[in-house]
Every structure is written in structure tokens, then in C-alpha cells.
Amino acid sequence: MSVATSDAAVAPTPETPGSTPTTTRLRVPSRWSFMVRRLGFYLAAAWAAITLNFLLPRMMPGDPSVAIIQQLQRVSGQQLPPETLVSIQALFGNPDANLFEQYLAYLGQLARFDLGTSISRFPTPVSEVVSSGLPWTLMLVGSTTVIAFVLGTGLGVLTGWKAGGRLDAILTPASTFISAVPYFWVALLALWVFGFQLDWFPSSGGYDPDAEGVAFWLSALRYGFLPAATIVFSAFGGWLLGMRNMTVTTVREDYVLLAQAKGLSPGRVVLRYAARNAMLPSFTGFALALGGVIGGALLTEIVFSYPGIGYLLYDALTKRDYPVMQGVFLLIALTVLVANLVADSVYVLVDPRVREQG
Amino acid sequence: MTADIRDHTASQHLADGPPGDAGTVLDVRDLTVSYVGPDGGTVACRDVTFQLGRGEVLGIAGESGSGKSTLITALTRLQRPPATTTAGSIVFHPSDGRPGIDLVPLGSRELRRLRWTSMSIVLQSAMDALNPVMRLGDQFADVLRTHHRGMDRAAAKVRTVELLGMVGISADRARSFPHEMSGGMRQRATIALALACSPQLVVMDEPTTAVDVVMQRQIMAQVLRLRRELGFAVIIVTHDLSLLLEVADRIAIMYAGRIVEIGSAEALYRTPAHPYTRGLRDSFPPLHAPLTTLHGIPGTPPDLRRLPTGCPFHPRCPVAVEACSSTKPPLVHLPDQAAECLLLTPEATS
Amino acid sequence: MTAAPEAVAGESTPVLSAVDVTKHFVVRGAVGDSSVVRAVENASVDLHEGRIVAVVGESGSGKTTLARMLARFYEPTTGEILLDGVPATGRATRTYHQDVQLIFQDPFGSLNPVHRVRHNLDRALRIHDRRLSASERRKAAIELLERVSLTPGEDYLDKFPHELSGGQRQRVVIARALAVGPRVLLGDEPISMLDVSIRLEMLNLLDRLRREDGLALLYITHDIASARYVCDDVVVMYAGEMVEGGPKEEVIARPAHPYTKLLVESSPDPDRVGTLSREELFDDAEALGEPPSLIEPPDGCRFHPRCPFAMERCRTQAPPRTDVGGGHWARCWLHQEGRAEEIGATTFAAALANRDKEVRS
Amino acid sequence: MLPSLWSNPKVRFGLVVVGFFTALAVLGPWLTESVLGVDPRANDISAIASPPSAEHWLGTTQFGQDVLAQLVAGARGSMFVGVLAALIGTALAIAFGVTAGYFGGTVDHILNFVTNLFMVMPVLPLIFIVSGYLRGTGLWVIAVIIGVFGWAGGARTLRAQTLSVRNRDFVLGMRMLGESHGRLVAVEVLPHLVGWIASMFLGALIGGILAEAGLAFLGISDSGSISWGSMIQAAQSQSAVLRGIWWWFVPPGLCIALIGTAAAMINFGVDELANPKLRAGTRRVIRRTRRAERAVAAEGGAA
């Protein structure tokens, strides 16, 4: 139970609250108010992300809005309509307005879900560009994140439970190495071996452009396999290591000892006592990883030219398509925040002890 | 080995009339436990031998580093690396007259079948011993349904309520998580849990160290009543000799991994034979008797990796003679107790 | 045990005293969900030169909070801490701690494992007196170590805490506290985490410090027998309140408050072995109750829900302090109602069982 | 703490590898020039994309550059970014984490809020975008950006650790002697965080190397400088994968993986030292115990 005292600088936890009986502990049904507090934080964080998105182009050297306008005019070969000009200036800076006015205009723009117009794909709006990439990324990285988590956590429990065993001797060092390997490099290797040497899988793209219906979906699976496999490969080691160490630690807790003393089957001891508790930190990590899905495999997508958000961002970077860059960032930032909120809620659900943390 | 003769006489001498005197439930001989390290093993428990009568309360008293916790995990076969049993036997005698089973060489499958139905354990901190993310009732149900094949959820629930009732916890607490209960209630719950499968032996590791004296008295009162009603034997391990003197039939005193004295509670209090027992007894100031200046036991317990030669207690012993530093003291039997001290041998007394 | 110097409370100004101090902690659950823990209510205690006062109580009784207020780690919510009769609030804690030092419960936690014994003493001496030279400080450090019976002191200077036993560490902690030349030592369960066999020597050391150096000592403990061994006066705390106090033998032999009686009767007493059967010792002791929450403590006397003698009045009105003679006092309505002799007539457990029987019938 | 660190084989392995690459980074130019006698930027027209040979141990690139020489030169670039980013990140983590943890109260609330903000900001995309605006600005700027955006996790760990150390009695005990807050933090608290800070530094180091590699791969890094990331990027852009010039992109990735493994090993070891339960679960301890058990069983069987 965390106790906030008035003079916290020197005040350690007083003896009383920790040892006061029943009612003290029952008194706090504050899961909901805990969530309200967290929600408050995430609203503030969302505001910060939006503001950062506002400030970034304005802090950068040069004048992005002027550059964008010039570029757009060059691309489109015509004078831009005034409302487009206003929109760009709201998003990327208006030299004639003071910062506060700009900020208001920017917020108004966002409220209408107007993220501006793409330069490289003029005149497609940014929101359209971004949403074209979203499903691909969600599918690819979403599914692989779940698979990597399940695989890594499961194996982590096994290696942790049988720490010192054969599985541990092989998997733990291997995972240490694998989790340190740059994942885009793994993607390159996979592409080289399975894409070109063995020619088992297509080397780029997300689907067969000629296929339709069921054939289209099958092609999506085939195109997605290699990128998915490399993501799972790079990611599961981290889960495994974390889970292994948590399991090793948890297995030495008294309640696991008691579960063994009770003569429960090993499976029950592992799952309901050791893993259930060891998994608590992983749950948060998992929800966060889901939040990282959108921005999580940027480079893998690039290696395989996979038509997701990451490839979009790369494309935007190389083509100096600032509106798309900013739009992607905002999308990534907001999904991370939502995922964090989900992580907190999940934690409250899986751990009955959670009430309040700093 | 002369253990056979010794043990028989010892158990006859020392079993201070356990209720019904229905024989031995646990027979521990020469139990030796080591912690394996890079440069060999550190022996934390050496040649521990004792018998426990059915329904008897045996107290094991010792200070930090005396090996009492090691002994508990070895007895319950719950030890983990780097601890390992290197010698000795722990024979458990089932109540139905089947032959005794040595727990030491037993495989995990056979052990699992014996666990909780024959021997259960109560740990020092109930907060740590209960699964924090499971409701109390579920923690009862899983052990009940593991050992009573065919017991359904409803029956397990009924039994759980009955068990909680035995220690004065109301039925609705089965729905509580451990953190929602007070320390005293948690500890009582773990005692009820220990009785779930009607074991013949309950091992208690410092069961009341984490609670206050009033709660300690309540818990011990409950344990003693339940023992009277259900007939299980109890091993209580603690550093608090003053508590053991009140609750135990017999007491074993551990020092540097050995049982240096074992005997009836009264004998150990009135006529302690080992100087260490004497020192330990005199480390508890009286509550009512006239006060004198007491000194406890000067010095510090030995490092198990570097045990003194001869009697491990000799560097702190107020009555040590020269031979104590070179000769290992034998176990000497007295009417109500037995102790390992050179001064008790016929040569020394003559 | 050695008799206390002939000093009777009230004659001289106490070195340190708590006057009617109350401490409420705000415990924050979450937004809009904070509650007040009433850790200590209107507690008073006087510490005199050369005397030891023991504060006895269960965990959660507020005794540690009281000690920490006296050490000025917490400021009292209401009430005052007086040093030499002068309110301490006006003084910087830095100079205050030159007079008042606290010894913690855990000797393993109160020495920094990364520093040698020398560092602890040297810093203390240096802060206390900047003019001391290095060699003077070394000499003083050795003297301090020997004063707490770590002899020869030189041998201990360069040791790390992990090379010392629990008792030796606690001695170093005491030496460190003595280095600033305090007049008051507050011991917060200073022996409860030490091995049983060395506890007495630690108490003997405290006793020697008060006899030889005239220190005023506060000894906080849950162990009433050790309190009796070392102290002059005992104060008993229950659920944040002081319920009884007075000369130790008076309080322990003739408790004037039912809670003190419960505490004394619950403490293991080897002298009873053989004279009382186990049934006599433990019968009726199964439902003695637990202390209340300090967030919503009971009205009236905080002990009344557990008290076999409780009357209607106890449920609503807090009992006043009653002097029962010889400096012995208690806060219990029985004294006001002329029922004081009932306390001594039976055991607490028996009285409780009796009451329950009556209730049932 | 430090001697026991070295006694852990995982830590020892990690330190040796990190030390090796540090030496490579420091001695890089001298090594390529004097020992290998090759200029990493020189184009050997006679050997374009040639596989490993006696002349070029690790082969040459599409531009005829010696891969080994590039690898050695790349160590400097990558390590420079890694170390600078780690220095900045660790300094910020200490400033935020230790201050928040030690002082608590309002200070903590504010600092912790900022930390949490940085924690939930998607760092890598953010770095991409910032460096996208600042393209071609060189390793310095990249290192600074990585450091400035990547400290929050470390600060959170340090805050928690500081909090636990601050609440230990010895801090209060020394405070009672009259020690100042500054001295308490520096002398009493910080020594307990050394292990954490060291492992955090290593984590930030590898994080910086990886981030730089990622940025270089995106073509954001300074095109003039050589780093492992820029090598992979060059290989990628010249379709080395398609052409099967594996010796171009495999070695730099392996180097990153190796130093990453080393850092992970050190962290693993530090965890084991800090957490006795983890230590008791190491293979060494378990194997040793099983061996002893087998020996006893064999003895018993024989007797």
C-alpha cells in the first residue's frame, strides 16, 4: 500500500497503514478512480503529442510550410486554392500569425480530421493515404505481435520453470543473441535466403496485384509470410527472456513453494501459481507492444516493400512529404497512448492488488 | 552405526507421552543437508535424528544460521538448488499401518501423492504464502480437488467453509483475495489450509513471527485445540524458545546445523543439559520473577563454512574445557532429554 | 536489574517530552479518495536524564510514529515536542539531532552496505565538530567503538557491515548515534531483529549508557518482558492511544487497563511451564480479537469492542486519565465506575469467555 | 559490487566484447591505415563486389571498397553515436529519475509526469521525423536526438531504485547526523545505483547503435560518414541482397548483434546479482546441485 505523507522527503512509510487490518485494505475499491487518474494522464499525453506535432515543423530550421506550398505548386503545376493554403499553414506554420492563433487554427483543423494534403500523391488527402496503409500494418504486425508474445511467453515459462535444463541451455542464450539482432537485418537475411536464394516467397509487396477474391487473400498470406516470420523471429526472444527471468523469480516465491507442498500437479503449479503471477508485468508489455504495432516494424515493411504504414513513412521521408510524415506520427502516437491506457486497464483486471502507483 | 539402539531408547525416553501414544509418525535419521557451492558443499544440517509421535507437538528452536529452515525444507522435500540432501532418511509412517515410506529417495510423482494428505506446511509469512491473484476459496479448492478425486466444486466449497470455520473465519472470506485480509486472519487461513486434507503432520515454520503476541496466542490456542480434536502431529520451528516452552511437548535445540539437545519442554526449561540450551533459556527475561542481570550468550553463531573443531559451541561456551575444542561430543541420554555435550559423558562427570 | 537512579518524574524538567501529540497521515488511494490514518492521538511522554521509558504496543499501535515524531521525522499534526522545555519546532532539525538520535529496528538496513564502519563514525564526528583533525577523529571513533563493547576498536574500523553480525552492526549504529554527543536516544525496537542470544547484551548496553552517561532513553518494543528488564517506566499504547503508564513493576504486575492485562497474559512466560497446564494456558484464548482500523477507529474507548468489561459508556465516551497511585495511571472507565478490582479478579481470556457465555444465554 | 560483477561469466563475456569494440572504435583509423593498409573509402575498380579473398578478407562492396576496412571504420561511427546517445540519455535519466525518487512529493509528481510523457512518446518514429526535417546533419545531431528522446525508461527504473534506497534506514540515519541532501544522494544513494546505471548505459549504447543503424538504413544519417547502419543501407540500396553480395550486409549486422548480445549479457548478469532468486536459478547452481545429488545417489547405490 503506498502512502503519501506530507513530508515525503524524509518520511518512510509509517508503521500504521501497512499493518492496520481488514477495513483499511477493503476500503479501497478505487479501481475506477485509479482508471480515471490514468485517463487524465493519457489525455494530457495526447495533448502533448498533438502539441509536439504542432511544434515540430515550427521549430525546424527553414520554413516547412513555404517549402510545402512551393513543392505542391510544382507538383500540381498550378496555383493552390486558398483553402488548401490555409490548411497547410494551419498545420505547418503561418509566418503571419502568432503562435497562439496558429495553435487554435491547427486544433480546429485536427478536429475536422484534416491532416492536410499529400505532396507525393497530390491531391490525395493525408488521412486517406494513411488509412490506405493502416490495414496492412495492423494485419501484419498485429498478428505477429500476438504470435511472438504467445510463443515467447510460453517458452519463457517453460525455460524458467525448468531453469538449468536442456531447453534453458539452448533457448536462453539463443534468445539473448536473437533479441540483440537488428530486426531489419534479419529481414534482409530472410529476403536473401528465402526470397532470392531459395525463391520460396515473393520478395516485395503485400499481395499479388492481379489476384482477386480468394486468390487475393491467399496471395496476401504468401506475401506476408516472410515479413511476418522475421518479425516473430526477432521479437519472441525478448518475450522469452523477460518471462524466463520473471518465472525463475516467481518460482522461488513462497506461494509457489506452498503450491508444490500442496501436491498440485506441476502443470497447475506452473500455470495458476507461477506463470499467472510472472505474467503480470508481461501483460503490460504486451499491451504496449500492441500499441507499438503501427510504428513497430517500420523497417521490416521497408525491406519487403510491404504496403503498410512503415513503408508509407519511408516513402514520405524520401519524397519529403511532410504532411504524410506528420500524419503518420500523430497516428502512431495516439495508438501508443490508447494501448497504454488498455495496458493499465488490463493490469487492473488481472492483478487484484493494483490500486495506485505513483 | 549404533543409531538403532540409540533411537529406540531415545524415543522411549523422550516421547513425553504424546496423546494416545499411538507410535511414531515421522522417523528422521542422520539427515544431512548441504548447500552446493563452487568450492564444495556447506553442510547446513548434519546428522539430524529425531522421532515424532502421533499427535505430538515437537518444537525446534534455533537462531539464525542454525539450520532450522534448511531442516524444514528438507523434511518437506521442498528444497531447491543449491540445497540438497546428502545423507539420511525421513521415514513417514502412515496411520493405516502400512509400512513406513522413506521420503528422501522418493520420486516427485510419489511425493506428490503424499503431499498435504500426509504432511502439510505453514509458512512464516502468510502474505507471501498465499497466491496474491487467487481468491482464498480457490486456493482451498485446488488442493481439495487434487487429493479428493471426484470432489466437485460445491463439495469443495462446503469443505472450505468448514475449514475456515475451524479457525474462526467467516464463510464469506472465501471470496476474498489475500491482500484484503489482516495479517492474523491470513495466518489462520493458511493453518486451515494446512488441515484441508487431514494430514497426520503439520510442519510450521515460524508460524507466528509475523503477528503480534495476542494474535500469536490466539493462533497457538487454535492449533492446540485442533490438534487435540484431529490428532495430527506438529513440528514448530521458531527462534522463540519462550513460546515453545508453552506449546511444545518436546523441544529440539539446534546449533550450527545439529540438534544439540532434545527433550521434554519442562526438562529443557528446568534442567537444561547443554550449555547452549541454558544460555538460550536465560536469554528471555522473566515476566514476573525477580530481575537479575542476564547476559544471554556472548559471541556470535559460527560461520557454517568454517565450523570450529570439536564442539561447534565451544568458542562461546562458558563452561568449555580444553577437550571441547578437539573432541566431537557424543549424544548423551538423560532421563528426560538427550544432549551432545562432553561434560555430560561419564568420563567428564567422574 | 540495576535500580534506576533516584529521579522521580516531575521534579526536574524532562530533557525531551511529547505533549499531547497527535499524528494523522493522509493516505491517498486515488483521485478524490484519500483517508486519514489516525496513527497517534493525544500522546504524552516525558524522557528524563538517566531514565528509560518503554513504550509497549502491538504493531500499528502508533509507537513507531511516536518515536519518529520525537526524532522529528514527522511533525505532529497537533501538540508539541519540547526539548529542555522549549518547543522543538523552532529549531533546525540539524541542531536538534545533535541532542536526539534514533536507533532503527533493522541493523542490516541502518548501515550503508557500501561504506566501512569508519565512514559512518568519521562523518558523524566531522559533522559534529569541524575542527577535529583526521587523527583525532580516528581516536574518537575507536573510543566510540569501545564504548559499545566492540574491542579492540581498531579491528572494526575497516570492516564492512556484511562482515559484522547483527549485534555488532547494531552496536556500530549506536556508536554512530553517540558520535554526535546526544542526550536522548530513541530505540525503535532496537533488538527485535537480533538473535535471541545477543539481545540481552544489547539491553545491558542501553542500561549502561543511561547509567554512565546519563542518557535519556526511549525504548520501543512489542516485547513486554524485555521492557520490564531494562526500563524504569512503561507506557502502553493501543490503536494510537496511550492507555496506561507508570512504574514498570506496577504496570506489569497489576495492570490497570484491560488491554495491558491482555498483553501481559498473552506474552510467553516460561515461568508458567509446569505450574499451569497447556489447557489452562491456552483455553479461551482463541478469539481475543484484533486491533481496529485507524482510519475509522471505534468511538469512545478504542478498546471497547474487544473488552470483556465494556459498559455502555465505553462505546461513546473516551475515558479520562485516572491516577491509580504511585505514578501509575490508566485510561479506563472501570476506575471511574468503581469497578477497578474486576480487572485483577480473573484472566482476560476467562472474562471474555464469560461475557460471551452471558451474551449467548 | 564491482568485483562480484566480474566473477559472473555473463558479465565477463559482455565486458570483453564491449571492450573489444570500444578499442576498435578508438583505434579504427590507425588499424585500417597501418595494419590493413586500406582506405575504407578507396574504390578498388579491379575488385567490384568480389567475395572474401586473401586480398580482401571480407570481400568488397559494389563500389570496390574493402568491407573489413569499412567494418572497422563503421565501428567508430556506430560506437560514437551509441556512446554519445547513451551519455546524454543516462545523464538525463539520472537527473530525472534520481531527483524524483529522492525528493518525492511535488518534485516527483512533476518529474514523473514528464518522464511518463517521454515514455509513451513513440521514440523511433519521432526520431525519424525530426531527423527527416534535419536530413544530412551528421552523427552528432543524430546521437543528441536519440539521447534526448530515449531516457525515460531508464529514469523510471532509477526512480524506483532511488525510492527503495532512499527509504532504507541508513539514509535516514546519515541524515540524522546532519548530512546534506547533496551528500546523501552522492555518497549514500548513488553507489547503490551504479549497477543499474551501468546496465542502463549499456542498454542505451546498444539502443543508440540500433537507432542509428535504423536511421542510416532509412537514408537519414550523414551520407559522408561510415557506420554499420550506413553499410547495410548502402548494400540495400545497391540491391546487394538481390545480387547475393551477402558479405556486404552480413558482417555489419553481426557486429551490431554481437555488441547487443554483450550488453544484454551484462544486464542479465547485473540482474542476477541484484536478484538472489534469479541467481539461484542459474544453470551453474542447478547443474552443480544435480551433480552432487547424483554423486550421493551413486554412493548410496554402491553401499
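When reading the values below, keep in mind they use all heavy atoms of this one structure, side chains included, and skip hydrogens, waters and symmetry mates. Throughout, protein chains are lettered first and strands after them, A, B, ... in sequence-line order, and every chain is numbered starting at 1.
Between B:Thr208 and the options B:Gln216, B:Gln218, B:Gln187, B:Arg217, a side-chain hydrogen bond (donor to acceptor under 3.5 Å, both in side chains) holds for only B:Gln216. Screening C:Asp232, C:Val55, C:Val230, C:Val234 for a side chain to side chain contact (heavy atoms under 4.5 Å, CB included) involving C:Tyr219 leaves a single residue, C:Val230.
For chain C, the nearby parts of B:Ser64 are the backbone and the side chain; heavy atoms of each come within less than 4.5 Å. Using a 4.5 Å cut-off between heavy atoms, B:Pro290 touches chain C through its backbone atoms (N, CA, C, O) alone. Residue B:Arg281: no heavy atom, backbone or side chain, is found under 4.5 Å from chain C. In this structure, no portion of B:Val211 lies under 4.5 Å from any heavy atom of chain C. For chain B, the nearby part of C:Asp283 is the side chain; its heavy atoms alone come within less than 4.5 Å. Contact of C:Glu265 with chain B is made through the backbone alone, with heavy-atom distances under 4.5 Å. At a 4.5 Å heavy-atom cutoff, the contact between B:Leu287 and chain C is made by backbone and side-chain atoms alike. Using a 4.5 Å cut-off between heavy atoms, B:Ala248 touches chain C through its backbone atoms (N, CA, C, O) alone.
With chain C as partner, the option from B:Leu241, B:Leu245, B:Val214, B:Leu243 having the largest number of non-hydrogen pairs under 4.5 angstrom is B:Val214. With respect to chain C, the highest number of heavy-atom pairs below 4.5 Å among B:Met220, B:Gln222, B:Glu63, B:Arg225 belongs to B:Glu63.
A salt bridge does not link B:Arg250 with B:Asp336: every distance from a Lys NZ or Arg NE/NH1/NH2 to an Asp or Glu carboxylate oxygen is 4.0 Å or more.
Not a single ring-ring contact (aromatic ring centres under 6.0 Å, His included) links B:Phe284 to another residue, sequence neighbours left out.
For the pair B:Arg316 and B:Tyr276, the cation-pi criterion (under 6.0 Å, within 45° of the ring axis) is not fulfilled.
Ring-plane geometry between C:Phe303 and C:Phe348 is classed as tilted, the angle between the planes lying from 30 to 60 degrees on a 0 to 90 degree scale.
No more than 12 heavy atoms of other residues, nucleotides or ligands shown are found within 6.0 angstrom of CZ on B:Arg305.
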